[in-house]
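Input: a single structure, listed below in structure tokens.
Below, chain A is the first sequence line, B the second, and so on; all start at residue 1.
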2 protein chains.
Amino acid sequence: MNIAEVARRSGLPPKTIRYYEEIGLIRPARSGNGYRAFAEADLHKLAFLGRARSLGFSIEECRTLLALWEDRARASADVKRIARQHLSAIDAKIAELEGMRATLANLVSCCAGDDRPDCPILADLAGEATS
Amino acid sequence: MNIAEVARRSGLPPKTIRYYEEIGLIRPARSGNGYRAFAEADLHKLAFLGRARSLGFSIEECRTLLALWEDRARASADVKRIARQHLSAIDAKIAELEGMRATLANLVSCCAGDDRPDCPILADLAGEATS
DNA sequence: GATAAGGTTTCCAGTTACGGGAAGGTCAAG
DNA sequence: CTTGACCTTCCCGTAACTGGAAACCTTATC
């Protein structure tokens, strides 16, 4: 399998696949012409990586998850711990964004949005007490 | 005012303040010894930037907001448009994270998390139908 | 005047996870 | 044999800083 087909079947861009090889996530074989020769196993790993990435796992987390996936003697507790940590990180990020959202939504609703210069959004950013 | 005091009063690290000068967000004067000599106006700009950044505005959005803030002939509509766009981006990001969160929370709750290898999290990432 | 501590400067490199684009080798069709 | 579609490597750029090195300035102390 050449890279274009793997890209199509895995949903990952060729650039990303080459990058994953560069950082050691996959090790596809090489044909005589220097082209990467992907096996089905490589494709499965890439699909795994694509799904893990789409859940927001970092590359390093993906590396660990991939290693656990390939380790028949793994303990599911190790996987669960990583997933829970990531879940916490997601929750923290959501909370941060919700905070921003609340403030911003309030400011936006207070702004006339016309051609006059008076603007509660800028006033808030400037540190003027809104009270 | 030297950079350390401005950092203390604005809440921004010295490194960030230098960076903001480098990209043209501020233009502090210089003393004879080469040190940056910050005026109160610089401090206010930095505080403005700190608040805008904490609401998630990008540097380029901050640049625009700062220009609007300094433009007495601005229309509040211009500010509101930027804020609304950013609000949409935040909502999109939250939605994306909520999606991840839902999937992950489900997988985590299904995983025994013991010393056995069976793991629905890995099974899902591997693409096995959960049925 | 020498020295040491602490603040300041610039510059360079690294971070995350790729994407764009150049220069050049390879393969299948006509 | 040429054309066009692949493939390869290599290097730069992204956002918004952070860390660290080497060197200069200031102030206090001896």
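Aromatic ring pairs are classed by plane angle as parallel below 30°, tilted from 30° to 60° and perpendicular above 60°; the pair Trp69(B) and Phe48(B) is parallel.
Atom NE2 in His86(A) sits about 14 Å away from atom C1' in dT16(C), given to the nearest Å. Separating the CG atom of Asn33(A) from the P atom of dT8(D) is a distance of 8 Å, rounded to the nearest angstrom. What separates CD1 of Ile23(A) from P of dT16(C) is a distance of 10 Å, to the nearest Å. We find that CZ of Arg63(A) is positioned 12 Å from P of dC18(C), with the value rounded to whole Å. In this structure, the CG atom of Leu12(A) is 12 Å from the C1' atom of dA17(C), given to the nearest Å. Regarding Ile59(B), its CD1 atom lies at a distance of 19 Å from the P atom of dG13(D), rounded to whole Å.
Listed pair Asn2(B) / dT8(C) meets the phosphate criterion, a side-chain N or O lying under 4.0 Å from OP1 or OP2. Close to dC7(D), at under 4.0 Å from its OP1 or OP2, lies no side-chain N or O of Arg36(A). The phosphate of dT18(D) has OP1 or OP2 within less than 4.0 Å of a side-chain N or O from Thr16(B).
Arg18(B) comes within 4.0 angstrom of a base, heavy atoms only. When heavy atoms are screened at a 4.0 angstrom cut-off, Pro14(A) is found touching no nucleic acid atom at all. If you check every strand for non-hydrogen atoms under 4.0 Å, Arg53(B) touches sugar and phosphate atoms only.
In the set dT8(C), dA17(C), dA16(D), the nucleotide with an atom closest to the side chain of Tyr19(B) is dA16(D). Of all nucleotides listed (dC17(D), dT8(C), dC18(C)), dT8(C) comes nearest to the side chain of Ile3(B). Checked against dA17(C), dG19(C), dC6(D), the side chain of Lys15(A) finds its nearest nucleotide in dG19(C).
Mapped onto DNA chain D by nearest heavy atom, Glu5(A) and Tyr20(B) fall at different nucleotides, with Glu5(A) at the one closer to the 5' end.
Dense packing is recorded around CZ of Arg30(B), with more than 12 heavy atoms of other residues, nucleotides or ligands lying under 6.0 Å away.
Side-chain atoms of Tyr35(B) come within donor-acceptor range of the base of dG7(C), with a qualifying N/O pair under 3.5 Å.
In this structure, Asp42(B) does not pair ionically with Lys45(B), as no charged nitrogen and carboxylate oxygen lie closer than 4.0 Å. In this structure, Lys93(B) does not pair ionically with Glu96(A), as no charged nitrogen and carboxylate oxygen lie closer than 4.0 Å. Note on Glu60(B) versus Arg63(B): salt bridge recorded, some NZ/NE/NH1/NH2 to OD/OE distance being below 4.0 Å.
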